[in-house]
There are 2 protein chains.
Amino acid sequence: MPDATIARLPQYLRCLSQLENTGAQTVHSADLAGHVGVSGAVVRRDLSYVGSYGTRGVGYPVAQLRQKVITALGLATEHRLVVVGIGHMGRALAGYSGFAERELRVVGLFDIDPDLIGTKIGEASTGMVEIQPLTDLAAFVADHEVRIGVIATPAASAQAVADLLTSAGVTSILNLSATHLAVPEGVVVRPVDLATEIQILAVHAAQQEVR
Amino acid sequence: MPDATIARLPQYLRCLSQLENTGAQTVHSADLAGHVGVSGAVVRRDLSYVGSYGTRGVGYPVAQLRQKVITALGLATEHRLVVVGIGHMGRALAGYSGFAERELRVVGLFDIDPDLIGTKIGEASTGMVEIQPLTDLAAFVADHEVRIGVIATPAASAQAVADLLTSAGVTSILNLSATHLAVPEGVVVRPVDLATEIQILAVHAAQQEVR
DNA sequence: AACTGTGAAGTGGTTCACAGCA
DNA sequence: TGCTGTGAACCACTTCACAGTT
């Protein structure tokens with residue numbers, strides 16, 4: 001299943017949940033497409049990956065489809081993750097309420113700054129988490145069988161953190177640190193750099209200016 | 001020029017700047033490739049977009065190449081941007097020191113919360129910026145000819161903010177709000193949703209678990 | 001008649017592999 | 001000999017278009 005499809009499934013899911021609440025029985029690919037901002041063809045292709053069983057001439061059964069998407073996304077089980085580097089970005093993640101509905105649970109927060117250790121952050125409803133010293137990271141990850149780590153540290157410490165995470169058993173890393181990370185075979189890293197995203201926009205804007 | 005290439009150019013640039021400081025005259029595609037984590041072929045292809053003039057058998061002249069990359073990225077002129085929605089994410093952006101070296105300048109911060117209005121945030125070195133009420137957004141964008149906007153509001157208000165931005169002249173939007181935005185023709189939106197990124201990692205991790 | 005499911009074509013980007021040049 | 005520049009193959013995803021099904 002393409003990453004692009006995985007990225008769209010949660011959006012379909014949100015629509016499907018709303019539809020189920022309103023009591024709708026079926027939904028057309030075009031309806032979902034409209035809400036998510038893609039074409040009907042994309043929706044049908046995406047749903048074919050989750051093992052779709054719509055009815056030609058009718059549409060998709062809302063409830064069953066919703067269940068299919070839920071299992072495809074692995075929302076049956078909770079996914080534990082740790083966040084390393086509790087600056088503004090780390091805080092934003094720790095307090096992000098959107099994680100709950102995706103069964104993503106921030107179970108550990110880590111930072112090297114002694115002043116931060118012991119502080120509890122996050123939403124009271126979704127559970128506060130205490131910031132722990134970086135030295136406890138490896139043991140914590142191993143003990144709690146965490147497989148997902150977020151690196152929100154400055155670039156200089158990112159590689160060291162990645163080494164810690166991977167050696168402790170993390171297989172998936174979200175890298176917010178704007179550096180390339182070297183990781184062992186089998187570990188998947190997704191880099192996200194907001195400065196780069198804006199840079200791309202700036203180049204587009206500059207081109208538009210010329211035209 | 002592909003977006004993927006634009007995204008890599010700043011990374012090459014960082015290497016080139018370092019190399020220039022160390023006094024290196026030339027650099028091989030393989031050297032840059034190693035630092036950025038791609039193949040030499042990608043580097044050469046990318047550099048061909050910026051109008052490369054390396055020497056076969058020798059490599060690229062560091063100083064000239066650096067200049068070429070700088071102009072390709074439009075770093076000659078400063079790009080002004082506004083951030084709407086000053087939660088943790090908005091704060092992270094406002095205070096992000098990496099913007100300076102890319103000539104990205106946060107000139108306006110906006111929020112709807114009256115308690116935040118007037119607060120100044122950002123790094124003292126790169127310039128503090130005061131949070132203004134959302135009602136002043138359109139006028140500010142038009143007056144200061146801002147072309148780039150970042151939406152870091154909750155999903156519910158994102159579309160309204162996008163409408164405000166585009167009608168005031170913004171042509172490029174970074175959408176951190178996890179919703180699809182409908183915008184006029186010609187406006188480019190880049191969606192970034194950290195929850196979705198982690199979701200993709202979670203699906204990969206789950207698959208790995210099974211294997 | 002209406003809408004799904006999917007081959008087939010198209011698109012954007014990466015990789016290969018090698019000719020071209022110092 | 002060594003490294004660049006690039007056509008051509010390749011791959012992943014999107015779009016088209018239409019046959020298939022109720």
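So you know, we letter chains A, B, ... as the sequences are listed, proteins then strands, and number each from 1. Since the model is a prediction, treat every value here as computed from it, not as a measurement.
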(request) Could you label the plane-to-plane angle of the A:Tyr96 and A:Phe99 rings as parallel, tilted or perpendicular, counting under 30° as parallel and over 60° as perpendicular? (result) perpendicular
(message) Can you tell me how the ring of A:Phe110 sits relative to the ring of A:Phe140, calling it parallel under 30°, perpendicular over 60° and tilted otherwise?
(response) perpendicular
(message) Between the side chains of A:Arg190 and B:Asp193, is the shortest nitrogen-to-carboxylate-oxygen separation below 4.0 Å, so that they form an ion pair?
(response) no
Within the supplied structure, the quantity of interest is the number of heavy atoms (other residues, nucleotides, ligands) at a distance under 6.0 Å from [X] [atom1]; does it exceed 12?
X	atom1	result
A:Arg14	CZ	yes
B:Gln25	CD	no
B:Ile112	CD1	no

(message) Just to be sure I understand the geometry, which residues of residues 1-15 of chain A put a non-hydrogen atom under 4.0 Å away from DNA chain D?
(response) A:Pro2, A:Asp3, A:Ala4, A:Arg8
(message) What does the B/S/- profile of nucleotides 3-11 of chain D look like, 5' to 3', with a 4.0 Å heavy-atom cutoff to protein?
(response) BBBBBB---
(request) Before giving the answer on side chain to side chain contact (heavy atoms under 4.5 Å, CB included), spell out for B:Arg147 and B:Val170 the whole-Å C-alpha distance, their side-chain angles and the decisive distance to 0.1 Å. (result) CA-CA 4 Å; B:Arg147 296 285 169 266; B:Val170 162; 6.0 Å; no
